[in-house]
Amino acid sequence: MADRPNVYDLSLADCVALLQEWGEPAYRARQWYQHCYRHLTVDPLQMTDWPVRLRERLAAATRWGVLREVALVTGDNGETRKVAWTLPDGSPLETVLMRYPDRATVCVSSQSGCPMQCVFCATGKLGFLHDCSPGEIIEQVIWAARTVRDATTGTAGPRRVTNVVFMGMGEPFNNFDAWWTAVERLHDPAGFNLGARNFTVSTVGLIPGIERLATKSLPVNLAVSLHAADDELRSAMMPVNKRYPIADLMAAVRSYTTQTRRRVSFEYVLLQEKNDDPVQAERLADWLRPADAEPLLCHVNLIPWNPVPGTPLSRSNRRRVTAFQNALQARGVPCTVRIERGVDIAAACGQLAGRP
Ligand code: SF4
């Protein structure tokens, strides 16, 4: 039974090939694909446009999802939902859905655990456990799409997923091929049909991943987690900085924006008296608005840190957040303070740790 493929790991071409083996016409594959990605069908036995014997054969040959839900918690008056899953190998995974009046965003995990060990992050404390397959990534979005479609309470906002952000557990560029396959599948107009600009990928600054993304024709949004503006501090907070120091990272981002003409977001988590001094803001502005080069095509998201148990860090107070923002704006750096969702259910940035 375990070798039955997860349908969300199958491309349309795979569906065509399987049905061809069974002597079925290609249009059946398109119907099947639309059941997966348009009708969000849960069980192949519900595919009433297929004869029963074919539905039963498909049900016996495939698995319609491999993630096992172990807990669901809601916050923000039901508008934020975090689901904790178990993967087939027992590893934990989490997905967060946030509904707003004008959009529905799902924050997806690309790995279980994470090898990057950022000091402020609950996921990093788990270490690396598992690279998600494309299907395991897609399945999280399908769950969100069904949840939004079927919701009977809450916001009168869209009844479909409008945005997918890869900011859950893991570093997507560490699992680039599977992650990108998932993006292409979810973008496919024959299936889920989500616009490329509705995807955002967040990286700690893996330069090879940024370079690969620059070669892709789908213009997905890139967010780079920076969190400090000098190497000493950034390396202490994010070990990846020892391998890809800030000057190299900024050069890669500049090359990306030149190549693609796409604006990059920088994420900056604010930790009280750790990285929230106006001196850091000035240094950050030096990188983004250098005196000897064009301003970088970018936007900065300031994120007051979300508590992680067992970490001797604290969230910047409002006065320091405002002072940091003012210092950046005085230098002409576009920036906003991100309003966080899901803090009360440990579903906000950096809080995902496979626990309900
Ligand atoms: S912040 Fe992202 S990259 Fe860093 S440890 Fe957490 S999940 Fe991994």
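Order of appearance sets the numbers: ligands from 1, and atoms from 1 within every ligand. Values reported hereafter were calculated over all heavy atoms of this structure, with side chains retained and with hydrogens, waters and symmetry mates removed.
- Remark: the Gln280 side chain and the Asn275 side chain contain no N/O donor-acceptor pair separated by less than 3.5 Å.
- By the 4.0 Å N-to-carboxylate-O rule, Arg319 lies too far from Glu273 to be salt-bridged with it.
- Here is the list of ligand 1 atoms found below 4.0 Å of a heavy atom in Gly170: 7 (S).
- Looking at Met238 against ligand 1, nothing comes within 4.0 Å, counting heavy atoms.
- The distance from ligand 1 to the heavy atoms of Gly124 drops below 4.0 Å at these ligand atoms: 5 (S).
- Residue Cys114 approaches ligand 1 through these ligand atoms, each under 4.0 Å from one of its heavy atoms: 3 (S), 5 (S), 7 (S), 8 (Fe).
- Tyr33 and Asp188 form a side-chain donor-acceptor contact under 3.5 Å, judged by distance and modelled atom types alone.
- We find that Asp231 and Lys242 are not joined by a salt bridge, their nearest charged nitrogen and carboxylate oxygen being 4.0 Å or further apart.
- Distances from atom 6 (Fe) of ligand 1 show that Cys121 has an N/O/S atom below 2.8 Å.
- Residue contact check: Gln117 has heavy atoms under 4.0 Å from atoms 5 (S) of ligand 1.
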Inset, instruction - Assess whether side chain to side chain contact (heavy atoms under 4.5 Å, CB included) is satisfied between Leu222 and Phe199, documenting all intermediate values. - result: CA-CA 9 Å; Leu222 172 64; Phe199 293 94; over 6 Å; no
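- Arg28 and Asp49 are not joined by a salt bridge, as no carboxylate oxygen comes within less than 4.0 angstrom of a charged side-chain nitrogen.
- The Val204 neighbourhood of ligand 1 comprises atoms 3 (S), 4 (Fe), with distances under 4.0 Å to a heavy atom of that residue.
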